[in-house]
Engineer: 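Below you'll find the structure I mean.
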Amino acid sequence: MPGIRSARSAKKAIIGGLTMSKQDTAVFDDLLREQREFPPTRAFAAGANARDRSLYDRADKDLLAYWADQASELSWAKPWSKVLQWEPPHARWFVGAKFNMAANCLDRHLAGPRRNKAAIIWESEAGEVRTLTYLQLHREVCKFANVLKELGVAKGDRVAIYLPMVPEAAIAMLACARIGAIHNVVFGGFSPEALSERINDSEAKVLITADGGWRRGNVIPLKENSDRAIESCPSIRHVVIVRNLPGEHHLLHVVEGRDHWWHRLMDRRSADCAPAEVDAEDPIYILYTSGTTGKPKGIVHAAGGYAVGCYATCKYVFDLRDDDIFWCTADIGWVTGHSYVVYGPLLAGATILMYEGAPDYPDKERWWDIVERHRVSILYTAPTAIRTCMKWGADLPAKHDLSSLRLLGSVGEPINPEAWMWYQENVGGGRCPVVDTWWQTETGSIMISGLPGVSTMKPGFAGQALPGIKAIILDEQGKEVKEGSGFLALTHPWPSMLRTIWGDDERYVKTYFSKWDNKTYFAGDGAKKDDKGNYMLLGRIDDVLNVAGHRIGTMEIESALVSHPAVAESAVVGKSHDVKGQAVVAFVTLKTGLKFDDSMKDTLKKHVVDKIGALARPEDILFASELPKTRSGKIMRRLLRDIAEGRALGDVTTLADPAVVQALREDYEEHYGG
Ligand code: WTA
């Protein structure tokens, strides 16, 4: 498909910036012309939860009534007195209502036929399979909720969770929700230092971890990392350790009185634990995400509204039904893992597939083998994973019976049309709709996506704003952009929106509600729209990178680099990468007298991994005798990006010393062989 391929490389050129030249705009137009369209099939639409545009009409007519309808399908311990109380830039949803997330995910299903249905089917990397029915999951959650209470966790307290993809991760989250405690899940790939920063910011009382996690047959030493992390975490009183490694776990360092084995605490614990009465607006969790400063932001979600967003999107975007086996491949440490591994699917009463390990272990067919054996019907993954599978070859999925699949989803970064087509043809067998879902940690649930039984899908476009969501493209001044690219914004509150940044409401206001007015949410993404209101996302327009679907701030990596004694200054930029979307490239200047060589490069890469985690490891580190700066002293990242991408240099008129750029560029060309 040559058309798609050329469109893909063209698309790459427009990602990552709003400085679109005429040539770029022409590229977009080409994409539109070449575009293949995929209207919903009659077979899919016939059985879908959303079959026509009536949902959009309903939401357009009365947005609050639409959300109230969605909310009323969940159970509330006390009804709301008001659907929305909007005091810009703050919004409160379902005001006055009482709501328990765990009761909605579990208890609500126990009275009917879902009682003995699988809630979680878990497969370990080694191939062990564990199934928990709704009734069993309810039991485990109640028991662990009692454990937490005994450890002194009360409503509103924070609990840090640093676990691999094991059922205990979901159990721990739901147990927190059951007693109204606020969980703070930290991705298992983060370093001890990153974990400690997140624990301290949230002042968590308890840390739940495991003896280890598995990745390609190797052990990730989570307990050792935890021990190092909490050396500087005075708030932690107890550590609960899930046993996930065979045999030698007795060798683990266990601190008497502080550290407890999960299975011992659970032993003979009562499974009787009434759900706490939680206010709809009480925080359900804090999840840290990268921003434009070195310090990650603790995004706070509120129980009631967040649940409504997750539930409605599972119902309409994923068309979740009772016989579905839903597999979202995201890790529990990211928002996608929160909303679409745990909460959304359980609210919808679906069966979740959870896989602990790597996609290429023991071989590159593992995913397809899982889909075949467990009869997965909906697969939700990231473009970077799809591109990796493309590289591995279409013959691998072709060897497996993937006929159980009926719907495919993508999230985390723009999906290039070539990957979209590959996914649709080679995984979806040409029969499954593909939903490209745009959303963020801050939005809590999907904001922009096609509905599989209603929308005509276009590769490269995420689709329209969902019913109940008001999106717009604005220019710098806040004027609507009808043609061309601009900033994506949301103009009306939505139930699953973030409520604040933990401990820093000022940063919340400044980051999200002050670019234009205090009613308009600034998403940080560039976008463009076609004449039918389908959005094409153009990537971040701030200093946030998206590496293999993981958000990471350039400032975080820069702080890590300058914390090394050899580094005087550093600037980090993203470079397009065929598989990961973006890769990290760091420019560093060293302290006087130090030599930059391969060993220094390796040392600095390792330093970043130690400070943040492997996800932030620079693909390359480039030495710079000086960094290009404006006359006011600001590092000119745009120029560095141009250099990293090997593009013609952009405007250098504001540069303090233009010779710096030329020198840098020569270094770089020499380094990469031109
Ligand atoms: C990007 C992940 C294009 C975007 C759920 C956003 C996307 C950031 C898409 C949020 C998509 C996510 N198309 N870009 N379908 N989905 N993004 O907070 O830049 O980890 O701002 O949430 O990912 O990343 P986060």
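Counting starts at 1 for both ligands and their atoms, in listed order. It should be emphasised that the depicted structure is a prediction, and the values quoted were computed from it without experimental measurement.
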Engineer: May I ask you to check whether W67 and W494 place their ring centres under 6.0 Å from each other?
Structural biologist: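 No, the ring of W494 stays outside the 6.0 Å limit from the ring of W67, centre to centre.
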Engineer: Considering only protein heavy atoms, which is closest to atom 1 (C) of ligand 1, and at what distance to one decimal place?
Structural biologist: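 For this ligand atom, the closest protein heavy atom is G412 O, 3.3 Å.
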Engineer: Taking T443's backbone N and O only, do any of them form a donor-acceptor pair with S496's side chain (distance below 3.5 Å, no angle check)?
Structural biologist: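 Yes, because the side chain of S496 sits within donor-acceptor range (under 3.5 Å) of the backbone of T443.
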Engineer: Do any N or O atoms from the side chain of Y535 and from the backbone of A471 form a donor-acceptor pair under 3.5 angstrom?
Structural biologist: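 Here the side-chain-to-backbone pair exists.
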Engineer: Between T336 and ligand 1, does any nitrogen or oxygen pair lie at a separation below 3.5 Å?
Structural biologist: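 No - when backbone and side-chain N and O of T336 are compared with those of ligand 1, no distance drops under 3.5 Å.
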Engineer: Which residue owns the protein heavy atom closest to atom 3 (C) of ligand 1, what's the atom, and how far is it?
Structural biologist: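 Checked against all protein heavy atoms, atom 3 (C) of ligand 1 sits closest to P414 N, 3.1 Å.
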Engineer: Given the rule in the ring pair (Phe, Tyr, Trp, His ring centres under 6.0 Å) test, do F187 and Y162 qualify, once you have shown the distances and angles that lead to the verdict?
Structural biologist: CA-CA 6 Å; F187 174 53; Y162 183 62; 8.9 Å; no
Engineer: What protein heavy atom sits nearest atom 18 (O) of ligand 1, and how far away is it?
Structural biologist: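 Closest protein heavy atom to atom 18 (O) of ligand 1: T441 OG1, 2.5 Å.
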Engineer: Considering only non-hydrogen protein atoms, determine which one is nearest to atom 24 (O) of ligand 1 and report residue, atom name and distance to 0.1 Å.
Structural biologist: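 Looking only at protein heavy atoms, the one closest to atom 24 (O) of ligand 1 is R551 CD, 3.1 Å.
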Engineer: So, R551 side chain and S290 main chain: donor-acceptor pair closer than 3.5 Å or not?
Structural biologist: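 Yes, the answer is positive, given that a donor and an acceptor are paired below the 3.5 Å cut-off.
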Engineer: Short list, please: which atoms of ligand 1 are under 4.0 Å from a heavy atom of T437?
Structural biologist: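 Per the distance check, 9 (C), 11 (C), 15 (N), 16 (N).
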Engineer: Under a 4.0 Å N-O cut-off, is there an ion pair linking R499 with E281?
Structural biologist: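 Yes, R499 and E281 are salt-bridged.
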Engineer: Atoms of ligand 1 less than 4.0 Å from V335 heavy atoms?
Structural biologist: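 So the atoms of ligand 1 that pass are 5 (C), 22 (O).
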Engineer: Aromatic rings Y340 and Y380: how do their planes relate, parallel, tilted or perpendicular, breaks at 30° and 60°?
Structural biologist: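 Y340 and Y380: perpendicular rings.
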Engineer: Just to confirm my output: which protein heavy-atom neighbour is closest to atom 21 (O) of ligand 1, and how far is it?
Structural biologist: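 Heavy-atom neighbour on the protein nearest atom 21 (O) of ligand 1: D525 OD2, 2.5 Å.
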Engineer: Without swapping roles, check the side chain of H550 against the backbone of N546 for a donor-acceptor pair under 3.5 Å.
Structural biologist: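 Flag not set: sc H550 to bb N546 has no pair under 3.5 Å.
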Engineer: Would Q440 count as a polar contact of ligand 1, with the cut-off being nitrogen or oxygen pairs under 3.5 Å?
Structural biologist: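 Yes, at least one N or O pair falls under 3.5 Å.
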Engineer: In ligand 1, which numbered atoms sit nearer than 4.0 Å to a non-hydrogen atom of N546?
Structural biologist: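 By the 4.0 Å cutoff, the relevant atoms are 1 (C), 23 (O).
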Engineer: In this structure, does ligand 1 have an atom that sits under 4.0 Å from one of the heavy atoms of W334?
Structural biologist: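 The answer is no, since W334 has no heavy atom less than 4.0 Å from ligand 1.
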